[in-house]
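Structure, as structure tokens:
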Amino acid sequence: MNKIEWIDSVVGKPWVDRADGPDYFDCWGVVLDSFLRVDEKPLHNVEGYDSGELIETAGAREAQGWPEIGSPIDGCVFCVILASGDMIHVGRIFQVGSGLVAVHAAGKYGNGQTVAEPIRAIKERFKHRLHYYTRPQ
């Protein structure tokens with residue numbers, strides 16, 4: 001599946017905690033599904049995440065060994081990291097046409113959905129807390 005088809009298939013799907021598709025997603029589920037269906041190189045799920053461990057703990061552990069890059073590029077993962085070092089949100093960035101688009105699922109208390117928005121929107125929202133990573137080879 002190419003990235004445009006994948007984006008079209010996930011945008012608007014409801015946010016559900018610990019869901020990794022195809023009908024519901026949380027932020028980590030979007031990342032898992034994108035690597036499986038777009039890259040055809042599935043990620044292993046993060047130890048503890050399925051059982052309810054916070055993304056702050058499970059995601060930070062997974063990010064170890066992922067090279068950080070200074071600017072977003074096609075296919076990278078973005079993470080929102082607080083000053084404390086806690087990771088609170090993740091998503092995937094893709095080049096679509098002439099711009100970069102951030103695909104992520106956000107919600108709370110069962111409300112929310114998967115969205116694709118221009119990179120400038122997440123840069124404005126998350127500012128200095130935004131970090132970009134590439135998958136280790």
Side-chain angles (χ1 to χ4, degrees):
M1 172 177 285
N2 71 43
K3 60 190 168 188
I4 303 296
E5 293 168 335
W6 177 78
I7 292 168
D8 287 344
S9 77
V10 300
V11 166
K13 297 288 175 94
W15 175 88
V16 172
D17 192 29
R18 311 296 158 175
D20 60 3
D23 298 318
Y24 307 96
F25 292 94
D26 71 358
C27 64
W28 179 243
V30 165
V31 172
L32 287 175
D33 193 63
S34 70
F35 277 104
L36 174 65
R37 296 199 299 152
V38 176
D39 298 89
E40 296 180 349
K41 295 179 182 176
L43 293 175
H44 63 283
N45 209 344
V46 176
E47 180 185 334
Y49 189 70
D50 282 340
S51 64
E53 186 175 24
L54 297 174
I55 187 67
E56 290 90 333
T57 306
R61 186 171 48 248
E62 174 62 24
Q64 294 173 2
W66 284 57
E68 185 168 0
I69 55 177
S71 300
I73 60 171
D74 184 47
C76 76
V77 172
F78 76 83
C79 299
V80 179
I81 301 176
L82 300 177
S84 64
D86 289 341
M87 181 184 302
I88 60 166
H89 188 56
V90 297
R92 193 86 192 270
I93 295 175
F94 289 108
Q95 181 80 36
V96 176
S98 62
L100 291 171
V101 173
V103 183
H104 57 112
K108 194 171 188 178
Y109 307 119
N111 295 313
Q113 66 179 351
T114 306
V115 298
E117 58 185 330
I119 190 72
R120 72 178 179 283
I122 64 164
K123 283 182 173 182
E124 289 171 10
R125 186 174 317 120
F126 299 121
K127 299 181 178 30
H128 63 280
R129 298 174 294 171
L130 202 54
H131 298 260
Y132 310 100
Y133 298 88
T134 59
R135 184 176 183 170
Q137 298 304 321

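Between Arg92 and Asp39 there is a salt bridge, since a side-chain N of the basic residue sits under 4.0 Å from a carboxylate O of the acidic one.
In this structure a side-chain-to-backbone donor-acceptor pair under 3.5 Å is present from Asp26 to Arg18. A donor-acceptor pair under 3.5 Å is formed between the side chain of Lys13 and the backbone N or O of Pro22.
Both Met87 and Leu32 sit in one connected hydrophobic cluster of ILVMFWY residues. Membership requires side-chain heavy atoms under 4.5 Å apart, directly or through other members. Connection of Val96 to Val38 is established within a shared hydrophobic cluster, with ILVMFWY side chains joined at heavy-atom distances below 4.5 Å, either directly or through further cluster members. Each of Leu36 and Trp66 belongs to its own hydrophobic cluster when Ile, Leu, Val, Met, Phe, Trp and Tyr are linked at side-chain heavy-atom distances under 4.5 angstrom. Under a hydrophobic clustering in which Ile, Leu, Val, Met, Phe, Trp and Tyr are joined whenever their side-chain heavy atoms come within less than 4.5 Å, directly or via other members, Ile4 and Ile119 fall into different clusters.
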Exercise for the section: Mind running side chain to side chain contact (heavy atoms under 4.5 Å, CB included) on Leu100 and Phe94 for me, showing each step along the way? Expected result: CA-CA 6 Å; Leu100 291 171; Phe94 289 108; over 6 Å; no
Problem - Worked check of side chain to side chain contact (heavy atoms under 4.5 Å, CB included) between Ile73 and Thr134 - result: CA-CA 9 Å; Ile73 60 171; Thr134 59; 4.0 Å; yes
Exercise for the section: Kindly determine whether Ser9 and Met1 satisfy side chain to side chain contact (heavy atoms under 4.5 Å, CB included), including the steps that lead there. Expected result: CA-CA 10 Å; Ser9 77; Met1 172 177 285; 4.3 Å; yes
Handout entry: Working for side chain to side chain contact (heavy atoms under 4.5 Å, CB included), residues Trp6 and Ser34
Key = CA-CA 7 Å; Trp6 177 78; Ser34 70; 3.5 Å; yes
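Between Asp33 and Asp20, the closest side-chain pair of non-hydrogen atoms is not below 4.5 Å. Between Ile88 and Leu82 the shortest side-chain heavy-atom distance falls below 4.5 Å. By the 4.5 Å heavy-atom criterion applied to side chains, Leu130 and Val80 are counted as neighbours.
Val16 shares a hydrophobic cluster with Tyr24; the chain of contacts runs through ILVMFWY side chains whose heavy atoms sit under 4.5 Å apart.
Nearest approach of Asp74 to Gln95, heavy atoms of both residues: OD1-N, 2.6 Å. The minimum heavy-atom distance between Ile81 and Tyr133, with the atom names listed, is CD1-OH, 3.4 Å. Between Arg37 and Val10, the shortest heavy-atom contact is NH2-CG1, 3.6 Å. In this structure, Ala116 and Val101 approach most closely via the heavy-atom pair CB-CG1, 3.6 Å. Closest heavy-atom contact between Ala105 and His89: O-CE1, 3.2 Å. Scanning both residues, Val103 and Ile7, for their nearest heavy atoms gives CG2-CG1, 3.9 Å.
Between His104 and Phe25, the distance from one ring center to the other does not fall under 6.0 angstrom.
With values rounded to the nearest 0.5 angstrom, Cys79 atom SG is found 11.0 Å from Phe126 atom CZ. If you take CZ on Arg135 and CZ on Phe35, they are separated by 5.5 Å, rounding to the nearest 0.5 Å.
Among residues at least two apart or in separate chains, salt bridge (Lys or Arg N to Asp or Glu O under 4.0 Å) pairs with a member in residues 107-134 are Glu117-Arg125.
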